[in-house]
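Report on the following structure.
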Amino acid sequence: MPNPILVGRNQSKLDTLARRFGLDRFTTDLDAALADPYNQVYFDSQLTRLRAAAVRAAIEAGKAIYCEKPTAYSLDEALALYREAEAAGLKNGVVQDKLFLPGLL
C-alpha cells in the first residue's frame, strides 16, 4: 500500500491538509523528500511553470515519475524530460484524468 508524503510550498496549508486527512508525512522540503530512499515515486501536480525543474530533480534522485499534463510549457521541454527519465532507466508516465471530468465533457 502506498504511503505518500505530501510536499508543498506553504507550511500552513500543509498543516491544515494533514490534520483534515490524518496525514503524518508532509513537508515543504522537496529536496529532502527526494533524497529519502523510502519515497520511490514522484508525482507532480503543481503549477506547470514549476514542473520541469521538479521533475528533473526527481529524475536526478532516481525516482519513478508520474506527472500531470502538460509536463512542460513546450513540446521540446516535455520531450527532454521524457528522454532524461528514459536514459536514467526510470518508469515514467503522464496522466490526463482531468480531460474526462463531467464539467469538461
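Numbers here simply count residues along the sequence, with the first being 1. In this text the structure is predicted, and so the values were computed from the model without any measurement. FYI, side chains are in, hydrogens and waters are out, and symmetry mates aren't considered; it's all heavy atoms of this structure.
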key: Inter-residue atom distance Q46.CD - L30.CG, 0.5 Å rounding   = 7.5 Å

query = In Å, rounded to the nearest 0.5 Å, how long is the span from OH of Y38 to CD1 of I5?
reply = 10.0 Å

ask   = Nearest 0.5 Å, what's the CG-OG1 distance between N10 and T28?
value = 9.5 Å

inquiry  = Measuring from atom CG of N92 to atom CD1 of I59, what distance do you get when rounded to the nearest 0.5 angstrom?
reply    = 7.5 Å

key: Co-membership, hydrophobic cluster, residues L90 and V55, 4.5 Å side-chain   = yes

remark   = Here the gap from F26 atom CZ to T16 atom OG1, rounded to the nearest 0.5 Å, amounts to 9.5 Å

request  = Tell me whether L23 is reachable from Y42 by hopping between hydrophobic residues (I, L, V, M, F, W, Y) whose side-chain heavy atoms are closer than 4.5 Å.
outcome  = no

task = Output all residues satisfying side chain to side chain donor-acceptor pair (under 3.5 Å) with E77, sequence neighbours left out; order by chain, then residue number.
result = R56

request  = For residues L17 and L6, determine if any side-chain heavy atom of one lies less than 4.5 Å from a side-chain heavy atom of the other.
outcome  = yes

message = With side-chain contact (heavy atoms from CB on, under 4.5 Å) as the criterion, how do R9 and L47 come out once you've worked through the C-alpha distance, each side chain's angles and the decisive distance to 0.1 Å?
response = CA-CA 11 Å; R9 296 179 302 276; L47 298 170; 4.0 Å; yes

key: Where at least one partner belongs to residues 24-48, residue pairs that pass salt bridge (charged side-chain N to carboxylate O under 4.0 Å, His left out), sequence neighbours excluded   = D44-R51

ask   = Given the rule that I, L, V, M, F, W and Y join up when any side-chain heavy atoms are under 4.5 Å apart, are L34 and I65 in one cluster?
value = yes

remark   = What one should report as the nearest heavy-atom pair of A78 and A72 is N-CB, 3.6 Å

task = Could you state whether L14 and F21 fall into the same hydrophobic cluster, counting links through intermediate Ile, Leu, Val, Met, Phe, Trp or Tyr residues with side-chain heavy atoms under 4.5 angstrom apart?
result = yes

note = Taken in chain and number order and not counting sequence neighbours, the residues that satisfy salt bridge (charged side-chain N to carboxylate O under 4.0 Å, His left out) with E86 are none

